[in-house]
Amino acid sequence: MVYNFKEIEKKWQKIWEENKAFRAINGSSKPKYYYLVEFPYPSGSGLHVGHVRSYAAHDTMARKKRMQGYNVLFPMGWDSFGAPAEQYAIANNIHPKEAVAENVKVFKSQIQNLGISFDWEREFATSDPDYYKWTQWQFQKFFEHGMAYKAKTLVNWCGNCKTVLSNEDAAGGVCERCNASVVQKEQEQWMLKMKDYAQDLLDGLDDTEYSDRVKLAQIEWIKRSEGALINFKLKELDESLEVFTTRPDTIYGVTFMVISPEHPIIEKYHQQISNYEELEAYKQEAHKKTEFERTQLNKDKTGVKISGITAANPLSNKEIPIFISDYVMMNYGTGAIMAVPAHDERDYEFAKKFSLPIIPVIDGGDISKEAYLGDGVHINSEIINGKNLDEAINIISDYIEENQIGKRTVNYKLQDWVFSRQRFWGEPIPLIYNEQDGWKTDKNLPVLLPDTVNYKPTEDGKSPLTNIKEFVNYKDKNGVEWIRETDTMPNWAGSSWYWLRYMDPHNDKEFVSREALEYWGQVDWYNGGMEHAARHLLYARFWNHFLYNIGLVPYKEPFKKRVAHGMILGEGGAKMSKSLGNVVNPDDMVNLYGADSLRVYELFIGDYEKDATWSDQGIVGTHRFLNRTYRIKEKVTDVNKYSQKLECLMHQTIKKVTDDIDNMKYNTAVSSLMILLNEMEKQEVITKKDYRTYLCLLNPIAPHITEELNEICDLGDPFYKSDWPVYDKDKIVDAEYELVVQVNGKVRGKTVSRTDASKEEMEKQAKSIDNVQKHISGKEIVKIITIPGKMVNIVVK
RNA sequence: GCAGGAGUGGCGGAAUGGUAGACGCGAAGGUCUCAAACACCUUUGGUAGUAAUACUGUGUGAGUUCAAGUCUCAUCUCCUGCACCA
């Protein structure tokens with residue numbers, strides 16, 4: 001250990017805190033910039049080296065931006081509601097509130113030990129009543145604007161966590177939290193009408209600068225498809241069955257229909273259906289299957305034919321049977337499909353299984369083997385015979401609209417948001433109910449979570465709050481008795497507006513003041529993990545779009561820019577996990593090498609947006625780099641201008657580091673600083689200005705050691721009060737350079753040339769090199785390509 | 001299956017169409033030391049050669065170009081999302 005990083009780091013962290021060095025000022029006349037990094041769940045396992053990477057990266061940008069004269073908002077808080085905190089509490093047999101307080105303390109000190117320049121005066125946790133009061137208030141806005149409704153839905157039920165999960169939480173048929181299988185269960189739930197915002201959420205992406213993969217994750221999740229709704233008349237009833245299809249042109253190939261086992265028509269025409277019991281049994285069987293079995297394992301088609309109801313093809317008038325099958329989902333489209341086995345893989349499998357007719361309507365392929373999915377000319381299709389795909393779709397769409405059989409439509413995969421959780425540790429949904437008045441908002445906010453110890457989920461899956469009479473029974477000031485809603489909000493709620501609260505975190509009159517909203521505007525740059533690029537981002541955008549539409553926020557899109565960091569993998573390339581024993585604790589690294597070494601290492605490790613593998617050796621390298629940075633202070637002279645030999649490199653490095661930080665190319669920023677240090681080490685002495693500039697460029701990445709050296713060597717104001725260096729673009733080009741000479745594209749020699757040499761001079765110089773002579777003598781020179789300041793290529797024959 | 005991304009030394013990784021392998025790690029040799037650690041110096045893609053140098057080299061195969069890791073086409077592999085989405 002060359003320098004005492006422990007003492008230095010503590011010292012500067014204290015100075016920054018005492019001087020409120022990173023305080024963001026509402027209404028400052030400086031230009032504003034808002035950096036947001038996802039706030040963590042304060043889980044029991046403490047900070048991960050992955051957190052360090054994203055915090056250090058944003059911190060680097062934030063520190064530089066401040067030095068460039070911006071009023072930077074760079075806040076941090078805690079996403080403390082939800083399952084992780086609750087599970088930790090249950091496991092350790094303490095109240096979630098205490099668990100959160102405990103974990104936040106650990107997280108905060110870990111982050112502070114890293115010297116991240118968060119404005120801690122704006123800190124809050126989503127489980128603070130002062131915060132969730134406003135989450136509840138905003139939910140009431142959704143409710144008041146008809147955006148929240150209660151519905152009996154088939155929900156994903158995790159038997160292990162004893163809770164309902166959103167489709168997003170149950171992706172892949174396993175519980176996001178505990179990995180147990182998810183089954184389907186009917187339950188009354190509060191829903192938010194997110195589907196109404198599908199197109200807006202899609203269009204809004206055009207006004208953002210998200211990285212491509214983030215944008216695509218959003219598009220994929222919303223998934224828009226254009227097609228048509230078509231009504232199929234039911235022969236026995238005065239009723240029709242509506243289907244959604246993207247291929248109306250294949251309608252002549254429809255040989256049967258399939259509806260979801262949960263389709264309401266089954267209940268409605270219970271009487272007409274002669275095999276109702278059989279259908280009901282199938283439905284029950286399907287619900288027992290996990291989503292995983294339904295989708296992954298069981299590609300084998302199952303189903304039951306509905307007896308007593310048949311449909312008619314609206315174009316050909318042919319009578320067709322109707323089946324129920326679990327391959328049709330109630331929550332997509334209309335829950336019913338027209339089956340075209342000749343041209344759809346799933347319908348084909350089903351038709352084969354149930355020996356149903358397969359009529360080709362597009363020419364091509366061999367339908368005796370498989371469904372033909374390719375393009376071609378329509379056949380067996382009366383009014384569209386001989387037409388190609390686009391034409392046929394148009395003709396059929398026109399036809400069904402003219403004859404009022406159906407209409408063109410756009411469908412989205414995006415679903416309404418299941419907003420209820422039957423858990424203790426969440427924001428209570430602030431609604432009350434009685435028979436006469438139905439559901440009403442409770443205006444006495446916050447609706448506080450009771451201080452109960454009975455917070456474990458109940459066996460029947462109801463919220464533990466249902467057992468607390470003092471909470472459930474509510475009498476208003478007129479003496480009217482109400483029952484309180486006992487469901488709580490999902491974890492995603494608190495994180496759906498937290499960036500707004502940072503703008504004005506202590507406001508007890510409003511969720512955020514209008515002035516603060518106008519001043520800070522959009523989050524300029526939001527970083528987080530790829531795992532949140534679909535769901536969290538979608539919920540947050542939806543929430544903000546809604547607030548915008550009711551006039552509560554000035555911008556529709558909350559985040560101007562979103563970039564996703566890569567993961568830090570354990571040594572060996574696997575995801576860090578306790579079971580693999582490859583978890584690296586940032587505290588250990590800070591103790592061994594210091595926060596600066598850890599920060600530099602995590603930024604040097606590779607491309608910020610890509611995954612990177614941890615290496616214990618790598619951090620040794622960056623630690624050495626900082627030691628050398630420290631040691632070179634002995635060479636500093638009192639001269640206050642750049643050394644002549646270093647001047648050009650200094651300007652080049654300023655440019656490189658400035659550009660690289662803006663483009664998140666931290667690895668090459670660090671590398672260019674290493675190059676500069678290597679050069680300085682070669683000099684007998686370096687000037688005060690050389691050293692000051694070098695330290696200043698390194699400061700956003702390694703803030704402690706640079707502040708210390710700046711002070712020890714008496715180079716100027718502390719960096720947190722200083723300006724970012726600027727380069728002179730006339731000085732980034734050296735007077736001389738190494739001219740590369742190629743013959744037929746192969747390097748045959750190098751020589752030192754003047755930057756302002758003419759092409760003729762360059763060619764003359766090139767030809768004078770012995771080895772070049774050797775390769776061109778006796779041959780005909782076809783042409784010479786000369787790139788000033790770079791190279792000469794002599795083409796010979 | 002669909003979409004996106006990536007294949008470069010022993011390893012992490014650099015390269016506006018213009019010197020491939022910057023920078024770092026590791027390794028080898030050396031200096032310091034009684035010794036070790038730390039530090040410092042030298043070397044380090046492969047093959048041949050004392051060397052100068054030559055050939056070869058960015059997953060594979062073609063192509064465009066004076067010049068290709070970079071552009072085009074084909075192909076293989078890996079990763080990451082999404083997935084019975086009608």
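Naming convention: chains lettered A, B, ... in sequence-line order (proteins, then strands); numbering from 1 in each chain. This one's a predicted model, so the numbers in the text were calculated from it and none came from an experiment.
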For nucleotides 26-30 of chain B, which of its nitrogen or oxygen atoms have a protein nitrogen or oxygen under 3.5 Å away, and what is each distance?
{"residue": "B/G26", "atom": "OP1", "partner": "A/Gln617", "partner atom": "OE1", "Å": "2.8"}
{"residue": "B/G26", "atom": "OP2", "partner": "A/Arg624", "partner atom": "NH1", "Å": "3.3"}

Item to check | Polar contact flag, side-chain donor to acceptor under 3.5 angstrom, A/Tyr327-A/Asp347 | outcome: yes
Next on the checklist: Any base atoms under 4.0 Å from A/Asp344, or only sugar-phosphate, or nothing? Heavy atoms, all strands.
Outcome noted: nothing
Checklist entry - Could you give the CG-to-C1' distance, from A/Leu592 to B/C38, as a whole number of Å? => result 15 Å
Item to check | B/U77 and B/A28, which share atom name P, separated by this distance in whole Å | outcome: 38 Å
Item to check | A/Tyr694 versus A/Thr629, side-chain donor and acceptor atoms under 3.5 Å | outcome: yes
Item to check | Side-chain heavy-atom pair A/Ile230, A/Pro314 within 4.5 angstrom cut-off | outcome: yes
Checklist entry - Which listed nucleotide (B/A86, B/U19, B/G12) is nearest to the side chain of A/Met329? => result B/A86
Checklist outcome for this item: Closest non-hydrogen contact found for A/His263 with A/Gly335 is CD2-O, 3.4 Å
Checklist entry - How is A/Asp347 classified with respect to the nucleic acid when contacts are heavy atoms under 4.0 Å: base, sugar-phosphate, or nothing? => result nothing
Next on the checklist: Please enumerate all residues that pass side chain to side chain contact (heavy atoms under 4.5 Å, CB included) together with A/His565, with sequence neighbours excluded.
Outcome noted: A/Ser54, A/Tyr608
Checklist entry - What nucleic acid atoms does A/Lys797 come within less than 4.0 Å of, heavy atoms only: base, sugar-phosphate, or nothing? => result nothing
Next on the checklist: Assess, by modelled atom type and distance only, whether the side chains of A/Ser753 and A/Gln765 contain a donor and an acceptor separated by less than 3.5 Å.
Outcome noted: yes
Checklist entry - Just checking A/Val795: base, sugar-phosphate only, or nothing, at a heavy-atom cut-off of under 4.0 Å? => result sugar-phosphate
Checklist entry - Between A/Arg748 and B/A52, is there a side-chain N or O to OP1/OP2 distance below 4.0 Å? => result no
Next on the checklist: Against the six-membered ring of A/Tyr526, is A/Arg562 placed for a cation-pi contact (under 6.0 Å from the centre, within 45° of the normal)?
Outcome noted: yes
Checklist entry - Contact class for A/Thr246 vs. all strands (heavy atom < 4.0 Å): base, sugar-phosphate, or nothing? => result sugar-phosphate
Checklist outcome for this item: Its dot-bracket string being built from Watson-Crick and G-U pairs below 3.5 Å, with | for another strand and [ ] for crossing, RNA chain B has the pattern (((((((..(((.....[....)))((((((.......))))))((((....))))..(((((..]....))))))))))))....
Next on the checklist: Check this for me: does the side-chain of A/Lys746 come within 3.5 Å of the base of B/U19 through a donor and an acceptor?
Outcome noted: no
Next on the checklist: Is it true that A/Glu262 and A/Ser260 share a donor-acceptor pair across their side chains at a distance under 3.5 Å?
Outcome noted: yes
Checklist outcome for this item: Nearest-nucleotide check on RNA chain B, A/Thr668 vs A/Lys413; residue mapping nearer the 5' end is A/Thr668
Next on the checklist: Test: salt bridge (Lys or Arg N to Asp or Glu O under 4.0 Å). Region: residues 654-677 of chain A. Which pairs qualify, not counting sequence neighbours?
Outcome noted: A/Lys64-A/Asp662, A/Lys655-A/Asp659, A/Lys656-A/Asp660
Item to check | Ion pair check, A/Lys764 and A/Glu761, cut-off under 4.0 Å | outcome: no
Checklist entry - Is the glycosidic torsion of B/G9 within 90° of 0, making it syn, or is it anti? => result syn
Next on the checklist: Using a heavy-atom cut-off of 4.0 Å across all strands, would you classify A/Asn411 as base, sugar-phosphate, or nothing?
Outcome noted: nothing
Item to check | Proximity to RNA chain B (any heavy atom under 4.0 Å), residues of residues 208-217 of chain A only | outcome: A/Leu216
Checklist entry - Please, which pairs that meet side chain to side chain donor-acceptor pair (under 3.5 Å) have at least one residue in residues 776-797 of chain A, sequence neighbours excluded? => result A/Glu763-A/Thr786
